[in-house]
Number of protein chains: 2
Amino acid sequence: MIDEQTARERVVTAADRLFYARGVQAVGMDAVRGESGVSLKRIYALFPSKEELIVAVLRHRTDRWNAGITDAVGGAGTPRERLLAVFDFLADWFREDDFRGCAFINVFGELGGGSDRIAGAVREQKESFGREVAGLVRAAGGPDHLAPQLVLLAEGAQTTAAISRDPDMAGHARAAADTLIRCALDDVGEPATTA
Amino acid sequence: MIDEQTARERVVTAADRLFYARGVQAVGMDAVRGESGVSLKRIYALFPSKEELIVAVLRHRTDRWNAGITDAVGGAGTPRERLLAVFDFLADWFREDDFRGCAFINVFGELGGGSDRIAGAVREQKESFGREVAGLVRAAGGPDHLAPQLVLLAEGAQTTAAISRDPDMAGHARAAADTLIRCALDDVGEPATTA
DNA sequence: AGAGCGAGAGAACGACCGTTCTCCGCAGCG
DNA sequence: CGCTGCGGAGAACGGTCGTTCTCTCGCTCT
C-alpha cells in the first residue's frame, strides 16, 4: 500500500485537475477515485467530506501559486521589474492549454455563497496575494494605494483572459500596471491635490 | 392564466435571483417554480431545458446591465467623467446587500467549461461591455489601448469586491482608472516611444 | 347542462450524487 | 497451514436533480 502522504498528494492533485477543468459540482467523488487511483474508502479516511477535500485542494493551489509568484519575481532585477514580473507570470499562465481562469474565483462563484470554509480558503489566497504585491510595492518605494490597484489589474486579467480566450489580456494588464507604477513612482500625472 | 410574456418574465427574474444568490447548480427547477409561482409544466413549455433558462437569465441580466451603465454614464458631463461614472456605478452596486460578484463570471466559472451556449452568452456580455467602454474612450479622445485596461480594472474590482467583501474596491479601481485616463489623455507618464 | 380542452399540482422516473457498507483477497503471524 | 485483520473494489443507500406524466379541476362552447 502507498504512503499516506503520497495518497493525500495524489488525491489532491487529481481532484485539483478535475475540479479546475470541469467545476467542482460536476466532478463526483468517484471521478476523483478514478483519476487518483486511491480507493473511495481511503479518500474518506484522508478527507472526511468533499468539502474538506475542496479546502485541501484550494490550500494546495495557494502554495503552488505562491511558489510560482516567488519564482517569477525572483528572476527580476529592480523592484519595479519585480512588480511587472507578476504580469509576465500571468502571461505564461494564460497561454497554457488548460487555462480556465482563476480557480479561486471559479470556486468562489460556484460555492462561496454556500460554504464559509471554502469562502475562507479563497479569501486567504487573495489576501496573501495582496500582501505579496503590497510588499513588492513597498520595496519599490511606491505608495500604499498602488498595491490594490495592481491587484485589481491582475484579477481582471485572469477572468477576462479566461472568458475572452485572449492571452493578450496579460499584456494589457502589464501595460496598465506600468503606467500606474510610473505615475506613482515618478510622480507624474497625479491628480492635483489643491484643486 | 397569466400572459406568456408575464410568465416568461417571472420565471427569468425568479431564476436570476436564485441563481445569483446560491449558484446555478445549487438551485433546482422546483425552487424556480416556487419562487416564480409558475408551474413546472409551464416553465418547460417556455424553456425547453434548464440550460435554455440559464441562457435566458444571462441575456436578461445583460440587458439590465447595459441599461444600468447607460443610465449611469448618461448622468455625467464630460467624456472623461462619463468613463469614471462606470466606476461609480460599480461602487453603488458593490454596496448592495445581496452583492455576490459578477453573475457572468460566476456562471462562467461554474458551467463555462461544460456548455458552449452558456459560455457564449457570458462572452457576449463581456464583449458588449468592452465595446461600450471602447466607445466612451473614443468619445473622450483616448487611445484604443486604454479601453481594455479600464475593462480589466472593472472586472478585477467586481471579483475582488465580492471575495474580500470590501466595497471600497470600486474606489481603488476608480482611482486607477483616473490615473490611466489622465496619462493617456494628457500624455504624461507615457513610456518613451523612441528609446 | 354536458363534453372537451388546457393548465396546475405534484407524483413518478431514471440518473447521479456524497457517503457508507459488504465482501473478498491477501499479508503477517502462531 | 490456518487464523486474523487490513485495504481495495464496488454495491448499496438515501437524497436530490432534471424532466415527464398523470390526475384533476375549471373554463368554454354548443
Side-chain angles (χ1 to χ4, degrees), chain A residues 1-12 14-58 106-107 109-118 121, chain B residues 1-12 14-58 106-107 109-118 121:
Chain A
M1 205 207 26
I2 59 173
D3 191 70
E4 168 173 334
Q5 199 62 24
T6 313
R8 235 192 162 74
E9 189 185 307
R10 281 197 200 169
V11 171
V12 167
D16 186 20
R17 196 163 36 240
L18 294 173
F19 290 167
Y20 182 61
R22 307 187 208 160
V24 175
Q25 309 213 70
V27 174
M29 293 298 274
D30 206 59
V32 175
R33 179 182 80 130
E35 183 88 357
S36 67
V38 176
S39 78
L40 227 33
K41 201 174 174 181
R42 194 99 192 275
I43 294 178
Y44 274 95
L46 296 169
F47 307 95
S49 70
K50 190 182 188 183
E51 186 185 30
E52 215 69 29
L53 174 59
I54 298 167
V55 170
V57 165
L58 292 176
N106 291 351
V107 171
E110 188 174 350
L111 303 168
S115 162
D116 287 339
R117 307 221 27 211
I118 292 172
Chain B
M1 204 208 27
I2 58 174
D3 189 71
E4 168 173 333
Q5 197 63 23
T6 312
R8 234 190 162 75
E9 189 185 306
R10 281 196 199 169
V11 171
V12 167
D16 187 21
R17 197 161 37 238
L18 294 173
F19 290 167
Y20 183 61
R22 306 187 209 161
V24 174
Q25 310 212 69
V27 174
M29 294 297 275
D30 205 60
V32 175
R33 178 183 80 131
E35 182 88 358
S36 67
V38 177
S39 78
L40 269 180
K41 199 172 173 181
R42 194 100 193 274
I43 294 177
Y44 274 95
L46 295 169
F47 307 95
S49 70
K50 190 182 187 183
E51 186 185 28
E52 216 69 30
L53 173 58
I54 297 167
V55 170
V57 165
L58 292 177
N106 291 349
V107 170
E110 189 174 350
L111 302 167
S115 162
D116 287 340
R117 306 223 24 213
I118 292 172

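Source: prediction; values computed, not measured. Each chain gets a letter, A, B and so on, in the order its sequence line appears, and its residues count up from 1.
The number of heavy atoms from other shown groups lying within 6.0 Å of CG (Asp3(A)) is above 12. Within 6.0 Å of atom CD in Glu35(A), more than 12 heavy atoms from other residues, nucleotides or ligands are found, so the atom counts as buried in its surroundings. More than 12 heavy atoms of other residues, nucleotides or ligands lie within 6.0 Å of CD in Glu52(B), so this atom counts as buried by the packing criterion.
For the pair Lys50(B) (side chain) and Gly28(B) (backbone), a donor-acceptor distance under 3.5 Å is absent.
Atom CD in Glu4(B) sits roughly 10 Å away from atom P in dA7(C) (whole-Å rounding). Distance CD (Glu110(A)) to C1' (dC17(C)): 14 Å, rounded to an integer number of Å. For Arg22(A) and dC16(C), the CZ to P distance is 13 Å, given to the nearest whole Å. What separates CZ of Arg10(A) from P of dG8(D) is a distance of 11 Å, to the nearest Å.
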What pairs of donor and acceptor atoms, side-chain ones from residues 36-48 of chain A against any protein atom, are under 3.5 angstrom apart with sequence neighbours left out?
residue  : atom : partner  : partner atom : Å
Ser36(A) : OG   : Val32(A) : O            : 2.8
Ser36(A) : OG   : Arg33(A) : O            : 3.4
Ser36(A) : OG   : Val38(A) : N            : 3.1
Ser39(A) : OG   : Arg42(A) : N            : 3.2
Arg42(A) : NH2  : Ile2(A)  : O            : 3.2

Under a 4.0 Å heavy-atom criterion, the protein footprint on nucleotides 10-24 of chain D, written with B, S and -, is B-------SBB-B--

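Between atom CD of residue Glu51(A) and atom CG of residue Leu111(A) there is a gap of 9.0 Å, rounded to the nearest 0.5 Å.
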